[in-house]
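Please read the structure below before turning to the comments.
Heads up: numbering here begins at 1 and tracks the sequence.
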Amino acid sequence: MNDILQFFANTFSDFGLTDAIDIIIVTFVVYYLLKLILETRAQQIIKGILVLVAATFVSDVMELHTLNWMCKGALTLGAVAVLIVLQPELRRALEFMGRGRIVSGIASGDKENSKRVVQAITSAVEKFSSEKTGALIVFERQTVLEDYAETGTVLDAFITQQLLGNIFYEGAPLHDGAIIISGTKVYAAGCVLPLSSSQDISKELGTRHRAGLGISEISDAVALIVSEETGIISMAEDGKLERFLDARTVEKKLLEIYLNNRSLSGGLSKFSKFRSRIDRSADDKHKKNEMIYGTSRESRSKEGKDEQ
């Protein structure tokens, strides 16, 4: 008994504040790693790696040299395979760390504008649900979605219920794709999104739900989905799909998103503002050239054709 007490006394004799901080940080890192593993397909991969580790240990103890060599080789390749297979999960975790999710306050004007936008979106989604009109609305937050916006048609139009209804009207050219909302504007429509490769998605859900879930897996964007077959409203965020939402719940969730994210509530994101400045600069330069040199070559050519 005295030996045990002496052991603990020697162990904790030099224990200080830095040691406590070190243990707390490591505990949080291990906790979030385990949480990430349990929430993704990494759980099955980790089980396979543990089996390989156990087989390596047993083969080493029993001096099964060939099996031991194969297990060690498989573990070496397994480390690279894990990075490749879990690339979306690792990317999402690193983006989560980089964003920090710092909540920012907004001015009363931005708050009223956000409420107007949320009301327009909620009314449109409620109508889509009652009429069983398929819709996929993606809200850009900190992660810029320019690559996916380029797959569609840039609109850069203010959000109204009528605009959303026209975009997703069956037979309209852009109704099949997703729309990307940046701030208080519909930046692009008819966009193509990456599909989720998760095996936990119900077989009843189609491409629209997989696309909404896929964009939420690789970014911090939030996707609002209306089923064309059932009219059920769903929302995808952080790689998770929440279904059977009503209009009141949608409005509440959208208000939380807008009021807690400066990139949405404050108008366009930084990259979207940069895009707008480039577009305005190009328009101003074009107008300036017309004022200096007169009508453009294309205009003169068109005028010549009209005269002929």
Side-chain angles (χ1 to χ4, degrees), residues 87-92 94-96 98-99 117 120-121 124-125 128 133-160 162-198 206-226 228 235-239 254 257-258 261-287 298:
Q87 186 266 342
E89 286 81 2
L90 294 174
R91 177 179 176 179
R92 190 168 75 249
L94 291 174
E95 285 185 350
F96 179 84
R99 292 193 301 266
V117 170
I121 297 172
V125 168
F128 295 156
T133 300
L136 177 54
I137 305 173
V138 179
F139 299 89
E140 181 186 65
R141 298 164 89 178
Q142 299 296 328
T143 304
V144 177
L145 304 177
E146 178 67 15
D147 292 341
Y148 304 106
E150 290 177 351
T151 63
T153 302
V154 176
L155 300 178
D156 200 24
F158 286 105
I159 299 172
T160 63
Q162 292 77 11
L163 174 64
L164 298 177
N166 286 335
I167 292 175
F168 290 111
Y169 177 76
E170 187 176 359
L174 303 176
H175 84 283
D176 273 337
I179 68 169
I180 295 179
I181 290 181
S182 181
T184 56
K185 288 188 174 183
V186 177
Y187 178 66
C191 303
V192 180
L193 304 180
L195 301 181
S196 172
S197 58
S198 175
T207 306
R208 185 175 284 111
H209 289 81
R210 285 191 173 273
L213 193 59
I215 195 66
S216 72
E217 289 175 347
I218 63 174
S219 70
D220 65 338
V222 177
L224 193 59
I225 310 148
V226 180
E228 188 174 2
M235 181 174 286
E237 183 178 8
D238 292 331
L254 290 182
I257 293 170
Y258 267 84
N261 289 273
R262 179 177 294 176
S263 60
L264 280 173
S265 59
L268 295 176
S269 63
K270 293 180 180 178
F271 195 82
S272 299
K273 291 178 180 178
F274 179 69
R275 290 187 300 235
S276 299
R277 285 199 297 269
I278 292 177
D279 294 338
R280 286 198 298 269
S281 298
D283 291 339
D284 293 340
K285 185 177 180 181
H286 181 70
K287 291 177 182 178
E298 290 80 0

Pairwise distance CD1(Ile180) to CG(Leu193) - rounded to 0.5 angstrom = 6.0 Å

key: Interatomic distance, Leu174 atom CG to Thr153 atom OG1 [nearest 0.5 angstrom]   = 5.0 Å

task = Would you name the heavy atoms of Ile257 and Arg141 that are closest together and state the gap between them?
result = CG2-NE, 4.3 Å

ask   = Would you say Ser216's side chain and Gly239's backbone share a donor-acceptor pair under 3.5 angstrom?
value = yes

message = When you compare the side chain of Val117 with that of Ile181, does any pair of heavy atoms fall below 4.5 Å?
response = no

Pairwise distance OG1(Thr151) to CD(Glu146) - rounded to 0.5 angstrom = 10.0 Å

ask   = Sub-3.5 Å donor-acceptor pair from the side chain of Ser182 to the main-chain atoms of Glu140, do we have one?
value = no

task = Report, as yes or no, whether the 6.0 Å neighbourhood of atom CD on Glu170 holds more than 12 heavy atoms from other residues, nucleotides or ligands.
result = no

query = Minimum heavy-atom separation for Val138 to Ala178, with atom names?
reply = CG2-CB, 4.4 Å

task = Measure the CZ-CD1 distance between Arg210 and Ile215 for me, rounded to the nearest 0.5 Å.
result = 15.5 Å

Smallest separation among heavy atoms of Gly212 and Leu136, with atom names = CA-CD1, 3.9 Å

note = Interatomic distance, OG1@Thr207 vs CD@Glu228, rounded to 0.5 Å, equals 11.0 Å

note = In terms of heavy-atom contacts, Ser198 and Glu217 come closest through CB-OE2, 4.0 Å

message = Any non-hydrogen side-chain atom of Phe128 less than 4.5 Å from a side-chain atom of Leu224?
response = no

ask   = Where do Phe168 and Gly134 come nearest, in terms of heavy atoms and distance?
value = CD2-O, 3.7 Å

ask   = How about Leu164 and Ile179: do any of their side-chain heavy atoms sit closer than 4.5 Å?
value = yes

ask   = How many angstroms lie between CZ in Phe139 and CE in Met235, if you round to the nearest 0.5 Å?
value = 6.5 Å

ask   = If we only count heavy atoms from C-beta on, is the Thr133 to His175 side-chain gap below 4.5 Å?
value = no

ask   = Which heavy-atom pair separates Arg208 from Val226 by the least distance, and what is that distance?
value = CD-O, 3.6 Å

key: Polar side-chain atom of Tyr258 near backbone of Gly183 as donor-acceptor pair, under 3.5 Å   = yes

